[in-house]
There are 2 protein chains.
Amino acid sequence: MITGQNYLGNKRSSKGEKTYKTFNPRLGITNEWTFYEATQEELEEAARLAQNAFISYRNISPARRAGFLRVIADEIEALGNTLIETYSKETALPEGRAKGERGRTVGQLRSFANALEDGSWVEASIDTAIPDRSPIPKPDLRKMLIPIGPVAVFGSSNFPLAYSTAGGDTASALAAGCPVIVKSHPMHAATGELVASAIISAAKKTDMPNGVFSNLNSSGIEVGQALVKHPGITAVGFTGSIKGGTALYKLANERAEPIPVFAEMGSVNPVLIFPSALSENGAYWANQYASSIMLGAGQFCTNPGLIFGVKGKSLDNFKTTLGKDIAALDPSCMLHPTIYDNYEKGKKEAVAQEGITQLNSPSSENPSYFAQQLVLSVSGKDFSQNPKLHQEVFGPFSIVVECESPEEIQDIIKELEGQLTGTVLGDSNELKTYSEVIDAMAQRVGRIIYNGVPTGVEVCPSMVHGGPFPASSDSRFTAVGTNAIKRWVRPFSYQNWPNEQLPDALKNENPLNILRFVNGSYTDSKI
Amino acid sequence: MITGQNYLGNKRSSKGEKTYKTFNPRLGITNEWTFYEATQEELEEAARLAQNAFISYRNISPARRAGFLRVIADEIEALGNTLIETYSKETALPEGRAKGERGRTVGQLRSFANALEDGSWVEASIDTAIPDRSPIPKPDLRKMLIPIGPVAVFGSSNFPLAYSTAGGDTASALAAGCPVIVKSHPMHAATGELVASAIISAAKKTDMPNGVFSNLNSSGIEVGQALVKHPGITAVGFTGSIKGGTALYKLANERAEPIPVFAEMGSVNPVLIFPSALSENGAYWANQYASSIMLGAGQFCTNPGLIFGVKGKSLDNFKTTLGKDIAALDPSCMLHPTIYDNYEKGKKEAVAQEGITQLNSPSSENPSYFAQQLVLSVSGKDFSQNPKLHQEVFGPFSIVVECESPEEIQDIIKELEGQLTGTVLGDSNELKTYSEVIDAMAQRVGRIIYNGVPTGVEVCPSMVHGGPFPASSDSRFTAVGTNAIKRWVRPFSYQNWPNEQLPDALKNENPLNILRFVNGSYTDSKI
């Protein structure tokens, strides 16, 4: 049941006077539920509970934490069609997408449970004592990763499940041993409340401390700001706009005790299309990219927003086919009127720039909030001189940048803002011929793709979802995959600590049977 | 030969008009050399060279980088007594300490060379493709750590070798594949120049790109600030004061493209002395702590500045013995008049606080710049109400905090600023009895020590030197040990990349024979 209330730990609460509703863009109506904006008092209570929960939660065994994550996944699945229908009412995304994203969300929770059960992720490292070392004895030192403390999570608009209430940030923080306070996304507050209720139910069933999870409603920016400034919060996970992420990042750094913020922000995901790909497979790639640009109404952070090629007949053909292929696809409804308005505004601004050519003619007859796709082309020179064209236009939009030479591509790429992904289309000889261009692109991205499209982010240990600023606020971490847990932990050393008082991961007996770095070698043996 | 010039890559340069000299505190005279403050133009040139060097340096094999580090160590040793004498002239530290620190410095360089040769530190992770997976194929994803870019290093006053020009920050950054620009510490500019010449000589001998290392002289704050703001710098390593570190951290976050700063700053290193330690070994620990407080004129970031015990006869005895034992030790000369003046000022302020008792009577007859030791005691109540007493007094100084109960210790510890270390003196039963106090302390520190002193930071993989703010600016990293390299690298993924074009660490054949995480298991096998 959707109540519109906040969760302060296990307790529902609605002390605020400010209320808001979510919107169904497909029907053009507000949804039935009323949400109560969290008050400062409620936020304080959630933070107090989280700090208190951390004292016991950090010492709960990895196996029990894994059990908690698995039950969260089960409880989310048990929400059944209610979740799917609510999701669609608040996002206009189709049922198939809702189910796919639910699968991804529970898959993520279970993959962190697997990592906890495997146990080696704590990077246990042991250097045993050498008491008779000269001139001074060598102490016994043992190190492992421990949780950092309560984490504030800001979910994204475009992944109401996989990167929101029980998404990658929450799953990784809970796995790490950190309590979580979610600032609910105002566009899908009901979906958020349902998922929050699943987490609370799992916390009760697995006997987790009250306060290990809270969910705060908020339609403005005040609750989020207060959360980031609260002394009880020790780290922040954010997925959203550059403006929003940067504001929180700055706020976190102005605190008396600054805290780390991992913000996954914007990206235009450059694509390099080399001569062989244009001449041999130009039509194929045009078709693939038309689909990739249109996927989910272009509302993916890995949407290909820039395609670089060297000008000539092959590129002309590619542009023509891309324009034709994308025009043939059906527009779909965007997540929210605000996102639709921003998309329209962004397109208008882009089209008004110097040297722009449109590759398709947008139809003017669309249902409300349906995103009319647009692809443009521009010369390398006009592109490089105009920072406006470097900005992400969130929606089914892309720009083909026509360069004079591979050198011009390299010069532009080198100066490009940080990105989540970079893609190369070509043959393996071209990887050698253009190794300098590719190397320059690698410096600006977190993941590099060969002969594919950037949309589709596989959840696996080898995934990097992050990149140089502003793709993310700290390129040294990933938001997707089991290594996302590393954002919420810190290394901690025990010196000459009695064996029986050490955590299991560091005991001589290696009771968890994990891989450890012992006196310079990796081993799962006892000491 | 000490020229007083900057190194802009391999070239010496002295375009500035501003000059300065270093000081010999033991003799009370300025040293003979004149140093030329780097100009903005020289800084720009160093940054340009570093950016350029990064293009090739990042692609140089780990084996060659290891060779470079080993030759740096050899070249530092080849400086022989000139280095030791210069070090002593600029720091007043004795020859034994100079030699010990040189050993630590070359040892660090060689340990990073070992890590590079072992190769597994890149955290290679491989998830192979599943082309027939339903509903969509699984791509091949391969991830490893890659260097982040040019790093600016700010050395410390108190470790002119081990945490300065070729210290832990420089060694780890060069190991990672990042060029380094050192902002030379003005108190030991000649020592810095000698070490810089060793690095440049090694870079030439091993054919490293020009610009892989630069050394900029600076007596003020402008060069450092300009360096942190320079767009070519991608990360900062700093060891020094909270004020200095925080200023640079804020500057780095205000950049258009913020960059990570790892600042190792102040710490007072709390010690908990439990009843059994007081009653059974009180005199022993008083003696040990008198020495630890005095070590290196108290100029260690791990100096024990706070000792907590429950009041009573045993603690009274401990205080008396500590006062007597420390009074019996000979003061030594501090690093610099400025450091001496700050120490005197800090002591004076501390003594003037409410409820302070002096445990020893400082002698007024000391050679210039010799640090007269001082230990104080104060009640838990007066301590907790007075933030002044929480501040580090850099020198041979400590405060015994007399609490009413273990609960009061816990309450104080919970609110304490972040620290590098925490120490527990007691028996193993007390570790259980007081587990809550110890757990509370663990939340505020990076390393916890049982029955020992916090001074002495072993260089090994299991060491953590870092901690919650302000001990360091990011508790998720360590400044000491091979894991210090993790500050200068970021994860990077290749998707569907042709095997022969992958870096060796990710090739099917595993030519480097490293440990990799392949499809969910650790292995050093081929694929």
Side-chain angles (χ1 to χ4, degrees), chain A residues 55 59 120 125-127 136 138-139 141-143 146 148-149 249-250 253 257-258 260 418 428 431-432 439 442-443 446-452 456 458 460-464 466 468-470 473-478 483 486 489-498 500-501 515 517 520 522, chain B residues 55 59 120 125-127 136 138-139 141-143 146 148-149 249-250 253 257-258 260 418 428 431-432 439 442-443 446-452 456 458 460-464 466 468-470 473-478 483 486 489-498 500-501 515 517 520 522:
Chain A
I55 296 171
N59 291 315
S120 300
S125 172
I126 298 175
D127 291 282
I136 49 163
K138 181 178 178 184
L141 276 153
R142 302 186 183 214
K143 181 178 72 169
I146 65 168
I148 197 169
Y249 176 79
K250 288 200 182 294
N253 285 319
E257 182 166 334
S428 69
L431 291 186
K432 285 176 220 160
D439 187 51
Q443 300 310 309
R447 173 169 57 115
I448 200 162
I449 300 140
Y450 179 60
N451 283 346
E458 185 70 23
C460 67
S462 307
M463 172 54 69
V464 174
F469 187 93
S473 54
D474 192 340
S475 67
R476 297 174 301 172
F477 298 93
T478 173
N483 277 295
K486 301 287 169 75
V489 289
R490 62 186 179 99
F492 184 82
S493 273
Y494 294 85
Q495 183 167 324
N496 290 337
W497 213 256
E500 68 278 13
Q501 300 289 329
L515 188 75
F517 194 62
Y522 288 97
Chain B
I55 297 171
N59 291 315
S120 298
S125 172
I126 298 176
D127 292 282
I136 48 162
K138 182 179 178 183
L141 277 153
R142 304 187 182 213
K143 182 179 72 170
I146 65 168
I148 197 169
Y249 176 78
K250 288 199 182 296
N253 285 318
E257 184 167 333
S428 70
L431 291 184
K432 285 176 219 157
D439 187 51
Q443 299 311 309
R447 172 169 58 114
I448 200 163
I449 299 139
Y450 179 59
N451 282 346
E458 185 69 24
C460 68
S462 307
M463 172 54 68
V464 174
F469 188 91
S473 55
D474 192 339
S475 68
R476 297 174 301 173
F477 297 94
T478 174
N483 277 295
K486 300 288 168 74
V489 289
R490 61 187 179 98
F492 185 82
S493 274
Y494 295 84
Q495 183 167 324
N496 290 336
W497 213 255
E500 68 279 12
Q501 301 289 328
L515 188 76
F517 194 63
Y522 288 96

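Note that the structure is a prediction, hence the values are computed from the model and not measured.
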Between [options], who has the most heavy-atom pairs with chain B when the cutoff is under 4.5 Å?
options	value
Ala442(A), Gly149(A), Ser120(A)	Ala442(A)
Asn451(A), Ile126(A), Thr478(A)	Ile126(A)
Glu458(A), Arg476(A), Lys250(A), Lys143(A)	Arg476(A)
Asp474(A), Asn496(A), Asn59(A), Ile449(A)	Ile449(A)
Phe469(A), Phe477(A), Phe517(A)	Phe469(A)

Not counting sequence neighbours, which residues clear ring-ring contact (aromatic ring centres under 6.0 Å, His included) with Tyr249(A)? List them please. none
Greatest number of non-hydrogen atom pairs under 4.5 angstrom with chain A, of Ser428(B), Gly456(B), Pro260(B), Pro258(B), falls to Pro258(B)
Which residue out of Ser473(B), Pro461(B), Gly452(B), Gly418(B) racks up the most heavy-atom pairs below 4.5 Å with chain A? Pro461(B)
Give, as side chain, backbone, both or neither, the part of Pro491(B) having an atom under 4.5 angstrom from any heavy atom of chain A. both
Measuring heavy-atom distances to chain A, does Ile148(B) have an atom under 4.5 Å in its side chain, in its backbone, in both, or in neither? side chain
Between Gly446(A) and Pro468(A), what is the shortest heavy-atom contact and its length? N-CD, 4.3 Å
List the atom of Ser462(B), the atom of Leu141(A), and the distance in Å for their closest heavy-atom pair. CB-O, 3.4 Å
Under 4.5 Å heavy-atom distance to chain B, tell me which part of [X] shows up: side chain, backbone, both or neither.
X	result
Tyr522(A)	side chain
Leu515(A)	side chain
Gln501(A)	side chain

Start with the C-alpha distance between Lys138(B) and Asp127(B), add both sets of side-chain angles, then the distance that settles side-chain contact (heavy atoms from CB on, under 4.5 Å), and finish with yes or no. CA-CA 9 Å; Lys138(B) 182 179 178 183; Asp127(B) 292 282; 4.2 Å; yes
For the pair Ile55(A) and Gln443(B), evaluate side-chain contact (heavy atoms from CB on, under 4.5 Å) and give the outcome as yes or no after the intermediate values. CA-CA 10 Å; Ile55(A) 296 171; Gln443(B) 299 311 309; over 6 Å; no
Student check: side-chain heavy atoms of Val464(A) and Arg490(B) closer than 4.5 Å: no
Once you round to the nearest 0.5 Å, how far does SG of Cys460(B) lie from CZ of Arg142(A)? 11.5 Å
side-chain hydrogen bond (donor to acceptor under 3.5 Å, both in side chains) partners for Glu500(B), two or more places apart: none
